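Accompanying notes for the structure given below.
Just so you know, these numbers use all the heavy atoms, side chains as well, and skip hydrogens, waters and symmetry mates. Being a predicted model, the structure only gives us computed values, none of them experimental. As the structure lists them, so they are numbered: ligands from 1, and atoms in each ligand from 1.
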Amino acid sequence: MKFSFSLVIYYVFTSLAFQIPSATAADTLAANNTLKDGQTLVSSGQRFEFGFFSLGSSSRRYLGIWYKNINPLTVVWVANRDDPITSSSGSLVFNPQGALSLSNGTVFIWFVNVTRALSNPVLQLLDNGNLVLTGDGGDYLWQSFDYITDTLLPGMKLGWNLKTGLKRDMTSWLSSDDPATGEFTFSLDPPEAPELVLRKGDQKEYRWGPWDGVRFSGSNELRPNPVYTPEFNSSREEIYYTFKVDDSSILSRFIVTSQGLLQYLTWTNHSNEWALMVTLQRDSCDRYESCGPYGNCYADDPNCRCLRGFTPKSPESWRLIDWSDGCVRKRGLDCQNGDGFVKYDRMKLPDNSHLVTNRNFSLSLEECEAECLKNCSCMAYTKIDIHGNGGDCVMWFGDLVDMKYFPNGGSNLYIRMAQAELESIADAKRKKRVKVAALITMSIVLGMLLGVLVWRIYLTRKAKIRRAAISENNSYRDTNDETQEGDLELPLFGLDVVSAATNKFSFEKKIGEGGFGPVYKGVLPTGQEVAVKRLSQNSGQGLREFKNEVILISKLQHRNLVKLLGCCIQGEERMLIYEYQPNKSLDQFLFDKTRRKFLTWKKRFDIVIGIARGLLYLHQDSRLRIIHRDLKASNILLDGEMNPKISDFGIARIFGEKTQEMTKRVIGTYGYMSPEYAMGGHFSVKSDVFSYGVLVLEIVSGKKNWGFYHPDHDLNLLGHTWKLWNEGNPLELMDELMEDTISENEVVRCIQVGLLCVQQRMEDRPTMSSVLLMLSNESIMVPQPKEPGFCTEISSGGDTSSSVNNLHTANELTVTDLGGR
Ligand SMILES: *[C@@H]1O[C@H](CO)[C@@H](O)[C@H](O)[C@H]1NC(C)=O
Ligand SMILES: *[C@@H]1O[C@H](CO)[C@@H](O)[C@H](O)[C@H]1NC(C)=O
Ligand SMILES: *[C@@H]1O[C@H](CO)[C@@H](O)[C@H](O)[C@H]1NC(C)=O
Ligand SMILES: *[C@@H]1O[C@H](CO)[C@@H](O)[C@H](O)[C@H]1NC(C)=O
Ligand SMILES: *[C@@H]1O[C@H](CO)[C@@H](O)[C@H](O)[C@H]1NC(C)=O
Ligand SMILES: *[C@@H]1O[C@H](CO)[C@@H](O)[C@H](O)[C@H]1NC(C)=O
Ligand SMILES: *[C@@H]1O[C@H](CO)[C@@H](O)[C@H](O)[C@H]1NC(C)=O
């Protein structure tokens, strides 16, 4: 590591004499030396490179750090982002006292100032991407990690060094090929109760926090996952956010893009590209202050509701879906006569929190309440563990803004309320309790004579409850929003056009029958080939809702999703018009003795990855977070190059199901349905993961899960795979018709991931982002799968705990097709 004089002399000599850039790959630059344009330092593990570069077709030269072996050029740090050098005459001059300056040939445009003269200064590029200046003592006198540009590398700290007063922020580039200071800044502030804030100029755009001991409030995305572990540290010296990557061979970075998106990216060797792991901004509720003061944002169907005890400030604009005015109290506060507090749970904590205690001791929740009560402008308090010392009392002064409701998780918040409001709430609660008690008593003594009397009391109570003003709901919601007629941004096709295109929906034009109705091939007057899906069931939705859903769905664009071109609405008739895929659907290849041969292993692996990408986009990266609910081979279409494209996504939404977790109508296909969905109608992204796992195993084996037959046992494909896996012969599952050279590692990896996806318990199944990582990075450890759900066919019934024979209990079951078409 230490500077080697002869090596550097050699290095400088060769570079100067022959202009061979970076050939000698030293990682240090010693005093009295100069780094000229064309020369570079390379970190000892060959991971990072430091030197001069240009972007795109521009001739402007920048001094910076990039990944050495990655193409395209991925820059992680820039010294002179706002002062490019216009010629190739730039050089980094290192004077004997340790000062570094960047010269453009005539003037110095960038400096590293050292506070004291050093005796043996060395500049070194470390293998974690940090460029450090060390003196005799070995401590860093300057490091590039302290001057973040738009990239946070593992180990870089976003936040404060309280001793030196240094604050480290991320600032976006101006555009993807101009590293100049852009509009967006991501920072951790203030130091006391820190939040993560993304600003555009001075304006807050997004905010997460404060830290509650587990996460920044509202940032469920920042949690440990197979690739990186987010960390927050708050001590007397430092307060910072960072992340660490457990497997050091994985390249991962966190960036703020020039459009202001906060993204975790991971390099995938398999496809040579940066894969998007997580975007911090998830839905419209994340946008700063989207609901105004005291408004609570609900992400499932994006809208704002007032907190309990509050009512819209201007009901008129609230009805017009303009929520910016927020809500006001139903009953005004009266500090002198004693206010109280109401607890709200599952909240993203509001902005502008203040830490009350110093860090030496922590207050109990009661003491915290008493503190807040003392000051009439304290509007809310809660206790959260910012410093890992058991809990801190945090308060809010002024209006509460930027809250969000979390169906699972979230924090508790205690909000100041007028005495009258408290009484009304307590009253309603007491009556509810009485009502419950009365009901219990009633059921016990129903048969007795006394029952009559109790019944009377109950009736009077019940009447009183009806009169009670306060509702027990957390929020108030105004449902009267029939007023707006949104402009359709999606082409509307006339019925006559569609009818002509499909030859009046003739039988010859029919190319399939999906869960929601028949599909026809058509040719538009422009010559474009389209697929027309004629929705068979009436969705039960209003016209406006239908249009809104279709517009939202049409905005989902990904190369592994079928593109929605438009819709046709006439009377009761609803149709969706998609781009046509010439190779039809995956099942027509996969389950066909002759056509199956076209699916080489390489093709199959690409299809497995492509479907994962499309599904990940639906689950995570699109604003809508769509659960497909009917993923199967016949819903995977293949384009001219056999690239997979998921179809039929979002249809469940069009049918008005939105994202409730329980559904009365089970939509799905035997063989692909997860146990919790088939039996309880409970669906989530994990039920899609189950279907994906089935699909992966079908692709590897070329056999259907539903209708699988084996002479030795009556297990289905999942059970059969599980059996082979436990016997140590997973490769026996492989389709014998695959003729190309097969990477056995890849096949086993696919089978293992497939088995992980079909595990019985949904908590055990991985998310699609983990699936994609496990498939595309050979170095990631894939966990051992547990037993799959549904090891035998549903119809064979009864012999395992996972079989379904109580399907009839609650739900209407709509099974779209049994054997595929
Ligand atoms: C740098 O050059 C000066 C003068 O030539 C010399 O005295 C000094 O020892 C050199 N320093 C290093 C670290 O080589
Ligand atoms: C260096 O920058 C200065 C000031 O911007 C400019 O006047 C000068 O021409 C530049 N020199 C070279 C060699 O580019
Ligand atoms: C270094 O010092 C010079 C002159 O004192 C100053 O103009 C420059 O901004 C400083 N550079 C840095 C990176 O602090
Ligand atoms: C937090 O930072 C302090 C001071 O920098 C350090 O001593 C401590 O080890 C860090 N804690 C963790 C968990 O990293
Ligand atoms: C990716 O490739 C690089 C260079 O070939 C190698 O150093 C690294 O270990 C690989 N990483 C993974 C995760 O396979
Ligand atoms: C907190 O405790 C530390 C050491 O235990 C002490 O130095 C400091 O003065 C205390 N701060 C306050 C505000 O009590
Ligand atoms: C209440 O708290 C605010 C904010 O900390 C402070 O400015 C104000 O002086 C306090 N009022 C009283 C009466 O303590």
Side-chain angles (χ1 to χ4, degrees), residues 34 36-38 52 54 58-63 79-93 101-111 128 130 139-140 143 145-146 152 154-168 180 188 190-194 211 213-215 224 228-246 333-336 338-339 350-359 363 367-381 385-390 392-400 416:
T34 297
K36 286 195 160 32
D37 196 334
F52 292 87
S54 298
S58 155
S59 62
R60 285 174 295 187
R61 303 293 285 167
Y62 296 92
L63 180 66
N80 57 326
R81 63 188 302 182
D82 292 314
D83 303 296
I85 297 172
T86 46
S87 63
S88 59
S89 55
S91 60
L92 181 67
V93 182
S101 9
L102 176 62
S103 148
N104 75 348
T106 44
V107 297
F108 290 116
I109 55 174
W110 179 83
F111 311 86
N128 62 1
N130 198 0
D139 53 335
Y140 302 157
Q143 52 179 331
F145 270 23
D146 282 343
L152 197 72
M156 262 182 167
K157 296 168 177 178
L158 182 77
W160 307 70
N161 184 329
L162 299 175
K163 283 205 302 203
T164 62
L166 182 72
K167 187 186 179 210
R168 311 177 195 92
L188 182 74
E192 279 305 293
W211 179 263
V214 180
R215 63 173 75 81
Y228 61 84
T229 314
E231 284 179 1
F232 173 72
N233 185 344
S234 170
S235 67
R236 268 171 223 293
E237 294 85 46
E238 287 187 287
I239 296 168
Y240 60 86
Y241 168 77
T242 186
F243 70 105
K244 102 173 173 248
V245 175
D246 301 324
L333 292 176
D334 185 358
C335 192
Q336 262 59 47
D339 297 324
D351 193 15
N352 296 319
S353 53
H354 292 265
L355 190 69
V356 170
T357 51
N358 71 47
R359 297 177 185 181
L363 297 180
E367 289 167 322
C368 189
E369 171 173 347
E371 281 298 317
C372 186
L373 213 49
K374 275 187 210 159
N375 187 327
C376 289
S377 52
C378 175
M379 285 301 142
Y381 72 89
D385 198 1
I386 299 179
H387 298 103
N389 61 2
D392 300 275
C393 176
V394 173
M395 293 182 188
W396 283 264
F397 299 93
D399 285 343
L400 306 179
R416 181 185 284 259

- request: Determine, counting only non-hydrogen atoms of the protein, whether one lies under 4.0 angstrom from atom 14 (O) of ligand 4.
  value: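 So atom 14 (O) of ligand 4 has protein heavy-atom neighbours under 4.0 Å.
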Under 3.5 Å: donor-acceptor pair, side chain of [X], backbone of [Y]:
{"X": "Asp37", "Y": "Gly90", "answer": "no"}
{"X": "Asp339", "Y": "Arg416", "answer": "no"}
{"X": "Ser54", "Y": "Arg60", "answer": "yes"}
{"X": "Trp211", "Y": "Phe232", "answer": "no"}
{"X": "Asp392", "Y": "Leu355", "answer": "no"}

message: Test your reading of the structure: does Ser89 have an N or O sitting under 3.5 Å from an N or O of ligand 2?
response: no
At what distance is the nearest protein heavy atom to [atom], and which residue and atom is it?
{"atom": "atom 8 (C) of ligand 2", "result": "Thr106 OG1, 3.5 Å"}
{"atom": "atom 2 (O) of ligand 4", "result": "Asn233 ND2, 2.3 Å"}
{"atom": "atom 10 (C) of ligand 7", "result": "Asn375 ND2, 2.5 Å"}
{"atom": "atom 4 (C) of ligand 2", "result": "Val107 CG2, 4.1 Å"}
{"atom": "atom 3 (C) of ligand 2", "result": "Asn104 ND2, 3.5 Å"}
{"atom": "atom 5 (O) of ligand 4", "result": "Glu238 OE1, 2.6 Å"}

- prompt: Run the side chain to side chain contact (heavy atoms under 4.5 Å, CB included) check on Ser235 and Glu238 step by step: do they pass?
  reply: CA-CA 5 Å; Ser235 67; Glu238 287 187 287; 4.2 Å; yes
query: Backbone, side chain, both or neither: what part of Cys378 comes under 4.0 angstrom of ligand 7, heavy atoms only?
result: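 The answer is neither.
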- prompt: In terms of atom number and element, which parts of ligand 4 are under 4.0 angstrom from non-hydrogen atoms of Ser235?
  reply: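 Those of ligand 4 that fall under 4.0 Å from Ser235 are 2 (O), 3 (C), 4 (C).
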message: Under a 4.0 angstrom heavy-atom cut-off, which atoms of ligand 4 come close to Glu237?
response: 4 (C)
Full working for side chain to side chain contact (heavy atoms under 4.5 Å, CB included) between Phe243 and Leu152: CA-CA 9 Å; Phe243 70 105; Leu152 197 72; 4.2 Å; yes
- request: Please assess Tyr240 against Asn233 for the test side-chain hydrogen bond (donor to acceptor under 3.5 Å, both in side chains), listing each intermediate value before the final yes or no.
  value: CA-CA 6 Å; Tyr240 60 86; Asn233 185 344; 3.1 Å; yes
